[in-house]
Every structure is written in structure tokens, then in C-alpha cells.
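In what follows, a single structure is set out as C-alpha cells and then discussed.
Indexing begins at 1, ligand by ligand and atom by atom, following the structure's order. Everything quoted here is computed from the prediction, not taken from an experiment.
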Amino acid sequence: MNNQPIGLFDSGLGGLTVLSELKNLMPNENYIYFGDTARVPYGSKSKETIIEYSRQIIRFLISKNVKMIIIACGTASSLAFDTVKKEFDIPIINVITPTAKSIESSNIGVVATNATIKSNAWKKEILKNHPNVKITSKACPLFVPIVEEGLANTKIADSVIDLYLKDFSKSKIDSLILGCTHYPILAKKINKYFQGKVNLININKACAKEALSSLKKKSQLNTQSGKNYTYAYTTDSTLSFKKNAKLFCNCTFDKISQIKADKL
Ligand code: DGL
């Protein structure tokens, strides 16, 4: 048994969709969530920048004594995971590998940020496990700002969903991977757009299962119930993060603190 917290990070609110899955599966764990809200979005930044931001945040989370790091961001998973997993002596899980192993579709769509789609990380990882799958990818760069600005339930979200997803009607996909952790916040609208005919794959579920099985294997689960905490750190003001975390993910925290990015 190990009651050290699990550390997870994203550029902003998106990783909270991973946190929710983790809490469903492992309610006894303590969590430290890091939202890099002053530097969101990651999806339009270079690989070098995303690697450097990921390193800084991982160092910070390690200083908080976490037992595992979850990269709760599709973009950092695509561009930084291979590098940071070699640099740090702590288990690191990403959101792409576990889902890519578990897909059962033969004609699949992937939506994600510009940086993720450009990296081809999803294609490589899926084809490694399932060489005959047809994959159609599409970058949806406006989805993240829509979520971060609290516009996920508005008509603006509907128009942007139509703009990006209309191409998929031609490719006749049976499943769509929401390859960015912000996107499950738009899942209800996306599901409605496809009239429930496309199976939406939430990458957070497989990631949370992987974290559970890795901790179980090493006998590192926290079996102590009743005294658990969830803390959050953000690089920008905590106010809108707190409000949108509650509104979109029903997430509340025992403590939210701001840490300036230049102090990382
Ligand atoms: N949640 C991040 C992801 O999964 C958002 C990236 C961004 O900040 O652009 O890719």
C-alpha cells in the first residue's frame, strides 16, 4: 500500500476528464492535478516547447512526492512522452498507448489538436497494434479554446463541431477517437451531431485502467479510505479554473493554488 498522491497534468481543464475517470476507478487515491492555464493551448506549440513544459511540470509534481505521473494531455502524450519517460525515474502513463491497444474498429476517425495530428502519434500507435485499420484524422484547433472559455454548451460550439466534423460523413467511420482530453467535454454535442451513429472513444477510460493495473501490479494502491485529498495547481489565476472545473467536469478540490510558470 502506498498513500503518496498520483500526479497528472494538462494544459488546462482537459485533464480533469482523466481525473474523473481515475477517481471513479480509484476513489481511495490522493491526486495532484496540474493545469498549465497560463500557457494553454499546447496544440499550437512546437515539440521542443511542449517537451520543456512537460519536463518542468513533471519535476514540480515529483517535488510534491507523487508515486506516478499521468500525462493527461493528448498533445504532451504525442510529443513529449517518448522523451520524458527516458529522463525521469518514475512510472509515466500517457493517454494514447492504452486506447490504441484496445480499439476494436476497422474504420476509425481521430480528432485532436494540430500538434497531435501532425505528429502522427495516433496513426503509428494504432497501426502498431492493428495494421489493417483505416484511419482518418482531423485537427480541431478551436475545440480547446471553446472549452477553456466556458463556451462548450453554446451555439458557437455547434458551428465549430459542424465545421470540423462534416468531412467524416464521407469517410463513413464507425468510431471516433476523441484524441484530446478536452474533447469529452464536447462529447454530448458531438454525439448529437452524429445522431448517435458513431461510437465515441473516450481516451480517458483506457488510461485510467492502465494506471490502476500498473499500481496494482506493484502493490502501490492506496487502501486507506476516508482521508483522501485532491489538490490542483494552475499557472494562471485559479478563479475561472475553479468555476469551469465544477461546471464542465463536476470537479471540486480540497485546495487550488497558483504557481507562476517562471517558478517551475
Ligand atoms: N488537453 C490537451 C490535449 O489533450 C489540450 C491541448 C492544448 O492545450 O491545445 O491535447
remark   = Under 4.0 Å from one or more heavy atoms of T113, ligand 1 contributes atoms 6 (C), 9 (O), 10 (O)

message = So that I know where these two stand, are Y31 and Y231 an aromatic pair - ring centroids less than 6.0 Å apart?
response = no

key: V40: numbered ligand 1 atoms lying under 4.0 Å from its heavy atoms   = 8 (O)

task = Could you check atom 4 (O) of ligand 1 against the protein and tell me its nearest heavy-atom contact, residue, atom and distance included?
result = G74 N, 2.5 Å

Heavy atom of the protein closest to atom 6 (C) of ligand 1 (residue, atom name, distance) = T75 OG1, 3.4 Å

ask   = How about F60 and Y233: are their ring centroids closer than 6.0 Å?
value = yes

ask   = On the ring face of Y164, is K138 found with NZ or CZ under 6.0 Å from the centre and within 45° of the axis?
value = no

query = Does the pair D158/K155 count as a salt bridge with the N-to-O cut at 4.0 Å?
reply = no

ask   = Hey, which atoms in ligand 1 end up nearer than 4.0 Å to a heavy atom of H182?
value = 1 (N), 2 (C), 5 (C)

remark   = If we number the atoms of ligand 1 from 1 as shown, the ones under 4.0 Å from a heavy atom of S11 are 5 (C), 6 (C), 7 (C), 8 (O)

remark   = Looking only at protein heavy atoms, what sits closest to atom 2 (C) of ligand 1 is D10 OD1, 3.2 Å

Identity of the nearest option to atom 7 (C) of ligand 1, non-hydrogen atoms only, from Y42, Y53, F9 = Y42

query = Are N222 and E29 linked by a side-chain donor-acceptor pair shorter than 3.5 Å?
reply = no

message = As a quick check of understanding, evaluate side-chain hydrogen bond (donor to acceptor under 3.5 Å, both in side chains) for N250 and K246, giving each step before the final call.
response = CA-CA 4 Å; N250 203 22; K246 175 84 185 110; 2.8 Å; yes

query = Just which atoms of ligand 1 are under 4.0 Å from any heavy atom in G43?
reply = 7 (C), 8 (O), 9 (O)

